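Single-structure report; data block below.
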Amino acid sequence: MHDAQLSITDTYPQMLNNLAKYKIYLASKSPRRRELLQQLRIPFNVITIGGIDESFPPTMPALDVPQYISTIKADAFMKTIDDNELVITADTMVVCEDRILGKPKDSDEAKSMLRFLSGKTHKVATGVTISTLDKRTSFTTVTSVTFAEITDEEINYYVENFMPLDKAGAYGIQEWIGVVAISGIEGSYYNVMGLPVHRLFQELKLL
């Protein structure tokens, strides 16, 4: 385990007392996933491992890719956990017209992605895997997001002031662009942020 950072909440929900036997890890660099998991009021550590190969078969359906990658991430941690440890891994992708939009490599690519999304409805898919040494649960949550037409001026302002290079599809729904440009959403808002906490909560109760 690397880069452990303790995030302990004050109150542990009784309906999640089944988790008390585990030391829980969120395996993600995303500050948004950390913030969302904190909303469940469970204690957890944040951990990361570098060098994970996140490639996927080119013929794989786009909406299946995030869950596939979340399992790859989970496999990377299985060599290091103990019997009483639980790891949550996740991956989020934006899919528009069968094109997968990951994190942009620079500002120019971010602007290009937003121009592509302008005036269209796209899908945001987050794959989540919950792993212990003796069990694993994986699922995918999909949300539809509709952008109004976005002007170049609006795109430039957003990218230059928010620098969304760490976000799939080059945008954060909770940021300025979400307020001024998203005209509709069908499904989980939090899934678009990077962690479908409703579904995660339901799955954690079943462990």
Side-chain angles (χ1 to χ4, degrees), residues 1-5 7 24-37 44-81 85-114 116-117 122-133 135-145 159 162-174 187-188 190-197 199-200 203:
M1 298 296 179
H2 303 286
D3 300 331
Q5 180 176 348
S7 300
I24 300 170
Y25 293 97
L26 173 65
S28 176
K29 297 178 181 178
S30 168
R32 294 164 297 282
R33 289 197 184 116
R34 179 172 62 186
E35 291 166 5
L36 291 173
L37 187 57
F44 65 93
N45 288 345
V46 175
I47 54 172
T48 60
I49 291 179
I52 298 175
D53 180 7
E54 298 184 13
S55 59
F56 54 89
T59 57
M60 179 174 288
L63 294 178
D64 292 345
V65 171
Q67 183 174 321
Y68 176 82
I69 293 178
S70 78
T71 63
I72 289 176
K73 292 177 180 179
D75 289 342
F77 287 92
M78 288 303 95
K79 305 169 186 176
T80 61
I81 69 170
E85 294 180 323
L86 180 152
V87 177
I88 299 169
T89 54
D91 190 77
T92 300
M93 286 187 176
V94 169
V95 180
C96 186
E97 299 178 352
D98 293 324
R99 175 181 165 188
I100 295 175
L101 304 180
K103 298 174 183 177
K105 65 179 182 296
D106 54 33
S107 295
D108 287 341
E109 186 174 29
K111 293 175 183 179
S112 176
M113 285 183 180
L114 290 171
F116 178 65
L117 294 175
H122 63 270
K123 305 287 188 182
V124 180
T126 300
V128 178
T129 299
I130 306 165
S131 302
T132 66
L133 283 183
K135 66 179 69 174
R136 173 175 290 185
T137 299
S138 293
F139 61 87
T140 300
T141 298
V142 180
T143 303
S144 294
V145 180
V159 172
F162 291 85
M163 296 299 294
L165 302 186
D166 65 336
K167 300 175 180 68
Y171 77 91
I173 192 172
Q174 73 281 7
S188 169
Y190 298 112
N191 180 53
V192 185
M193 286 183 65
L195 193 65
V197 281
R199 177 69 184 274
L200 178 59
E203 297 292 343

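This one's a predicted model, so the numbers in the text were calculated from it and none came from an experiment. Residue indices begin at 1 and follow the sequence shown.
Under the 4.5 Å side-chain criterion, counting only non-hydrogen atoms from C-beta, Phe77 is in contact with Ile49. Looking only at side-chain heavy atoms (C-beta outward), Leu114 and Tyr171 come within less than 4.5 Å of each other. Between Arg33 and Val46, every side-chain heavy-atom pair lies at or beyond the 4.5 Å cut-off. Between Val128 and Leu200 there is a side-chain heavy-atom pair separated by less than 4.5 Å. Using a 4.5 Å cut-off on side-chain heavy atoms (C-beta onward), Tyr68 and Pro57 make contact. By the 4.5 Å heavy-atom criterion applied to side chains, Leu63 and Val95 are counted as neighbours. Thr126 is not listed as a side-chain neighbour of Thr140, based on a closest heavy-atom distance of 4.5 Å or more. Side-chain contact between Ile72 and Glu54 is absent, with no heavy atoms from C-beta onward closer than 4.5 Å.
A search for side-chain contact (heavy atoms from CB on, under 4.5 Å) contacts involving Ser107 returns Val159, Met163, not counting sequence neighbours. Not a single salt bridge (Lys or Arg N to Asp or Glu O under 4.0 Å) links Glu35 to another residue, sequence neighbours left out. Qualifying side-chain contact (heavy atoms from CB on, under 4.5 Å) partners for Asp64, counting only residues two or more places apart in sequence or in other chains: Met60, Pro61. For Phe56, the ring pair (Phe, Tyr, Trp, His ring centres under 6.0 Å) test picks out no residue, with sequence neighbours left out. Checked against side-chain contact (heavy atoms from CB on, under 4.5 Å), Ser131 has the following partners two or more places apart in sequence or in another chain: Ala74, Met78, Thr129, Arg136.
A distance-only check finds a donor-acceptor pair linking the side chain of Ser70 to the backbone of Gln67 [under 3.5 Å]. Between the side chain of Lys123 and the main chain of Val94, no donor-acceptor pair closer than 3.5 Å is present. In terms of modelled atom types and a separation under 3.5 Å, the side chain of Thr143 and the main chain of Val192 share no donor-acceptor contact.
Pairs engaging residues 94-105 under the side chain to side chain donor-acceptor pair (under 3.5 Å) rule: none recorded [sequence neighbours left out].
When all heavy atoms of Leu133 and Ile81 are compared, the pair lying nearest together is CD2-CG1, 3.6 Å.
We find that Asp166 and Arg32 are joined by a salt bridge, their nearest charged nitrogen and carboxylate oxygen being less than 4.0 Å apart.
Rounding to the nearest 0.5 Å gives a distance of 12.5 Å between CG of Leu86 and CZ of Phe44.
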